[in-house]
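Any value given below was found using the heavy atoms of this structure, including those in side chains, with hydrogens, waters and symmetry copies removed. Owing to the predicted nature of the structure, the values given are computational and were not obtained by experimental measurement.
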Amino acid sequence: MARRRFPAGVQDFERIRTDGFVYVDKTEYIYDLANNYGNAMFLSRPRRFGKSLLCSTLRHYFQGHKELFKGLAIEKLEKEWIEYPVFHFDMSQCKHDNPDYVAQSLDLILSNFEKKYDLSNAQLSFGDRLKMLIITAHERTGNRAVLIFDEYDSPVLNVIDEPEKMDVIRSIYNSFYGPVKNMAEHLRFVFITGITKFSQMSIFSTINHLTNISMQEKWEAICGITAEELEVNFKEDIASIAEKYGVKPEEILQRLRDRYDGYHFGPKLIDVFNPFSLVNTFSAEEIENYWFSSATPSALIKVLDKYNFQLSDIENTQLFKSDFDLPFDNVDSAIPIMYQSGYLTIKDYDFESDIYTLGIPNQEVHSGLYKSLMPRYLSPSASDNRSLLIAAKKAMVADDIDAALIAAQKYLSALPYDLSNKTERDFETLLRVMFDCIGIETNTEVRNARGRCDVVMKSRNTIYVIELKISSTATVDDALAQIDEKNYLIPYWNDPRRKVKVGVTVDPETRTIKEWKAVE
């Protein structure tokens with residue numbers, strides 16, 4: 001039987017439908033979005049999470065392309081199929097660190113629309129050109145216009161660490177988006193996607209009727225693939241991969257859950273899989289970290305540096321709902337941006353307190369995030385870091401904590417003196433990044449009733465409770481005694497894995513591991 005075609009890298013709805021690619025039917029959402037829930041909306045989702053396909057599907061729906069929706073849910077819902085004039089702006093086309101290039105790209109997009117209506121308004125501002133397009137389209141077709149801005153924030157995020165360029169590019173877009181607020185009589189529908197909000201972008205400050213649907217229950221699964229959609233739409237593909245590896249389909253399904261599932265975008269906590277990774281998995285029949293390998297999260301690293309982010313804050317962080325909706329330029333923490341970008345997700349929601357608990361979604365994000373952070377916390381040399389990870393991985397596969405700490409000791413001895421590894425927290429972070437990168441669940445500053453344990457690592461068979469001492473006089477026995485005195489092992493008594501206490505001393509002069517002792 002011929003293998004099915006998967007739209008890896010394809011974001012155009014028309015091509016997916018006409019070229020026979022697999023499509024997970026989201027058109028019931030499209031109909032509700034377009035007809036039952038207002039006429040100006042903003043949706044935030046991480047990159048490569050289906051926003052562009054959603055925008056493309058909306059465009060073809062509003063253009064009345066009924067034939068593309070044959071056999072889909074919307075075919076039974078829509079009766080009129082009215083053709084509206086649609087202006088679909090893919091703002092990722094304007095992504096550049098040169099403001100002049102950004103302006104030229106926007107000019108080209110507007111020019112292409114103006115040709116359709118025989119307009120020549122190059123002498124006008126970007127905002128006035130958009131205004132003339134909307135009015136002209138309404139007058140000539142008799143139907144109000146539809147505006148779709150996909151990845152509206154892409155040009156600004158590209159220069160997030162360059163304030164002068166950012167101000168210039170933001171000014172360009174303020175003039176472009178500005179007229180939209182006062183065009184309601186000419187507009188049928190406005191839809192905007194992006195990763196985050198910028199308060200100083202007029203798309204939010206002037207469109208005051210814009211509804212943010214990003215965390216509304218109704219739209220939690222509008223992008224991405226739910227667990228139910230995965231099992232219904234990809235059953236035969238899961239079976240094909242299972243046959244390739246000689247395992248049961250249930251095992252492949254669990255691996256897909258572990259690697260790509262775990263995203264939640266609202267209080268109902270509907271499980272959503274990363275669609276980009278799933279599509280690439282089925283296309284290649286290989287389970288890999290596709291989302292992280294598709295782009296370097298440089299904007300994230302810039303955000304973490306700006307807010308002095310600590311890795312100890314990454315799990316079980318709690319926020320009110322209002323914290324999620326803060327514009328990027330008004331936040332005082334990296335956490336909301338990490339959620340909006342897909343590096344953290346909602347793990348729990350308490351209705352009574354209206355508090356959300358965040359954490360890393362899945363194995364793909366966990367592995368990719370820590371590897372991308374290695375140059376920030378460890379050596380800038382990728383080859384040095386790779387050697388460390390290989391040695392540590394081999395050691396932990398064998399559950400050999402001595403070999404793992406030998407690898408860490410050699411690595412730390414070779415680090416440049418000017419790197420910041422002087423405090424106990426620095427060494428906690430170094431160990432956390434090292435072991436998290438190889439898939440060992442690691443937490444630092446783990447609190448219990450009597451104190452805080454420096455590092456807790458959980459391998460498949462063992463829980464390691466590690467206490468660090470940075471002192472020329474402290475001993476490993478002092479560290480082990482503190483583990484006993486503070487009862488750091490008590491929280492893990494019911495866990496069937498073996499428990500190992502590890503006392504570690506660090507020489508404050510050489511700034512590397514001096515000695516250690518592991519005791520069961």
- prompt: Quick one: does M338's side chain get under 4.5 Å of L358's, heavy atoms only?
  reply: no
- prompt: Do other residues, nucleotides or ligands put more than 12 heavy atoms under 6.0 Å from E228 CD?
  reply: no
- prompt: Would you say the side-chain atoms of E220 pair up with the backbone N or O of I270, donor to acceptor, closer than 3.5 Å?
  reply: yes
- prompt: Do the ring planes of F265 and F49 sit parallel (below 30°), tilted (30 to 60°) or perpendicular (above 60°)?
  reply: perpendicular
query: Just wondering, more than 12 heavy atoms not from K248 lying within 6.0 Å of its NZ?
result: no
Heavy-atom pair of closest approach, residues A518 and I401: CB-CG2, 3.9 Å
message: Hydrogens and angles aside, do S353 and D350 bring a side-chain donor and acceptor to less than 3.5 Å of each other?
response: yes
- request: For residues I440 and M396, report the shortest heavy-atom separation together with the two atoms involved.
  value: CD1-CB, 4.1 Å
- prompt: Are S240 and E285 close enough that a side-chain donor and a side-chain acceptor fall under 3.5 Å?
  reply: yes
message: For the CG atom of L58 and the CE atom of M41, what is their distance to the nearest 0.5 Å?
response: 9.5 Å
- prompt: Among all residues two or more places apart in sequence or in another chain, which pass the salt bridge (Lys or Arg N to Asp or Glu O under 4.0 Å) test with K165?
  reply: E162
task: Using modelled atom types only, decide if a donor and an acceptor are shared between the side chain of H264 and the backbone of I346 within a distance under 3.5 Å.
output: yes
Value rounded to 0.5 Å, distance of CG in L319 from OH in Y356: 10.5 Å
message: Any non-hydrogen side-chain atom of I222 less than 4.5 Å from a side-chain atom of L43?
response: yes
query: Between Q482 and K469, is a side chain to side chain donor-acceptor pair (under 3.5 Å) present by the stated rule, with each step listed?
result: CA-CA 10 Å; Q482 182 171 329; K469 294 293 181 184; 2.5 Å; yes
- line: CG of D348 to CG of L269, rounded to nearest 0.5 Å, is 6.5 Å
field: Test item: S44 side-chain N/O and I195 main-chain N/O as donor-acceptor pair under 3.5 Å
entry: yes
- request: Using a 4.5 Å cut-off on heavy atoms from C-beta on, say whether the side chain of P7 contacts that of V279.
  value: yes
message: I'd like to know if the side chain of T345 reaches the main chain of Y263, judged simply by a donor and an acceptor atom lying under 3.5 Å from each other, with no hydrogens or angles considered.
response: no
field: Stepwise side chain to side chain contact (heavy atoms under 4.5 Å, CB included) check, Y260 with I287
entry: CA-CA 10 Å; Y260 309 129; I287 300 176; 3.5 Å; yes
query: Which pair of non-hydrogen atoms, one from A407 and one from A391, has the smallest distance, and what is that distance?
result: CB-CB, 3.8 Å
- prompt: Should the pair R45 and W219 be classed as cation-pi, given the thresholds of under 6.0 Å to the six-membered ring centre and 45° from the axis?
  reply: no
query: For R498, does the CZ atom sit with more than 12 other heavy atoms under 6.0 Å from it, leaving out its own atoms?
result: yes
message: Any side-chain to backbone donor/acceptor pair from D507 onto T512? Under 3.5 Å, distance only.
response: no
message: Are the side chains of V500 and V519 in contact, using a 4.5 Å heavy-atom criterion?
response: no
Inter-residue atom distance L256.CG - N362.CG, 0.5 Å rounding: 11.0 Å
task: Decide yes or no on side chain to side chain contact (heavy atoms under 4.5 Å, CB included) for T226 and D271, but give the supporting numbers first.
output: CA-CA 6 Å; T226 67; D271 279 331; over 6 Å; no
- request: Decide yes or no on side chain to side chain contact (heavy atoms under 4.5 Å, CB included) for I513 and T505, but give the supporting numbers first.
  value: CA-CA 6 Å; I513 295 173; T505 60; over 6 Å; no
query: Would you say the side chain of T193 lies within less than 4.5 Å of the side chain of F42, judging by non-hydrogen atoms?
result: no
message: Under a plain distance cut-off of 3.5 Å, with no hydrogens placed, do D402 and W516 share a side-chain donor-acceptor pair?
response: yes
message: Using a 6.0 Å cut-off, check whether atom CD of E243 has over 12 heavy atoms from anything other than its own residue.
response: no
Salt bridge D150-K51, side-chain N to carboxylate O under 4.0 Å: no
- prompt: Given the rule in the side chain to side chain contact (heavy atoms under 4.5 Å, CB included) test, do K458 and R497 qualify, once you have shown the distances and angles that lead to the verdict?
  reply: CA-CA 9 Å; K458 299 178 181 179; R497 287 173 283 191; 3.6 Å; yes
Whether K26 side chain and G224 backbone form a donor-acceptor pair below 3.5 Å: yes
Salt-bridge contact D167-R170 (side-chain N to carboxylate O under 4.0 Å): yes
- request: Please answer whether the main-chain N or O of F351 pairs with a side-chain N or O of D354 as donor and acceptor at a distance below 3.5 Å.
  value: no
message: Could you check whether E445 pairs with R452 (Lys NZ or Arg NE/NH1/NH2 to Asp/Glu carboxylate O, under 4.0 Å)?
response: yes
- prompt: For D258 and Q254, does a side-chain donor sit closer than 3.5 Å to a side-chain acceptor?
  reply: yes
query: Does OH belonging to Y492 count more than 12 external heavy atoms closer than 6.0 Å?
result: yes
Close side-chain approach of M434 and L388, heavy atoms under 4.5 Å: yes
- prompt: Any luck finding a side-chain donor-acceptor pair between S277 and E364 under 3.5 Å?
  reply: yes
- request: Could you tell me whether the side chain of S367 and the main chain of Q363 form a donor-acceptor pair under 3.5 Å?
  value: no
query: Looking only at heavy atoms, which two atoms of K95 and S154 are closest? And how far apart?
result: CD-OG, 3.4 Å
query: Under 3.5 Å, side chain of K517 to main-chain N/O of V476, donor-acceptor pair present?
result: no
- request: Compare all side-chain heavy atoms of V455 with those of N443 and state whether any distance is below 4.5 angstrom.
  value: no
field: Donor-acceptor contact present, side-chain N233 to main-chain E229, <3.5 Å
entry: yes
query: For residues R259 and N289, is any side-chain donor paired with an opposing acceptor at under 3.5 Å?
result: yes
query: What is the distance from atom CZ of R432 to atom CD1 of I466, rounded to the nearest 0.5 Å?
result: 12.5 Å
query: Cut-off 3.5 Å, side chains only: do E428 and T444 have a donor facing an acceptor?
result: no
Salt-bridge criterion met for E520 and K499 (N-O under 4.0 Å): no
query: Can the ring centroids of Y290 and F276 be said to lie less than 6.0 angstrom from one another?
result: no
Non-hydrogen atoms of G50 and P275 that approach each other most closely: N-CG, 4.3 Å
query: Would you say the side-chain atoms of D153 and Y173 include a donor-acceptor pair closer than 3.5 Å?
result: no
field: Heavy-atom side-chain contact between I241 and T281 under 4.5 Å
entry: yes
- request: Assess the side chains of D477 and T475: does a donor N or O sit below 3.5 Å from an acceptor N or O?
  value: no
task: Indicate the atoms forming the closest heavy-atom contact of S52 with Q11, along with that distance.
output: CB-OE1, 2.9 Å
query: Regarding S459 and N461, is there a side-chain donor-to-acceptor distance under 3.5 Å anywhere?
result: no
task: Count the heavy atoms of every other residue, nucleotide or ligand shown that sit under 6.0 Å from CD of E515, and state whether that count exceeds 12.
output: yes
- prompt: Between E231 and R257, does at least one N-O distance fall below 4.0 Å, as a salt bridge requires?
  reply: yes
query: When the ring centroid of Y177 is compared with that of F149, is the distance short of 6.0 Å?
result: yes
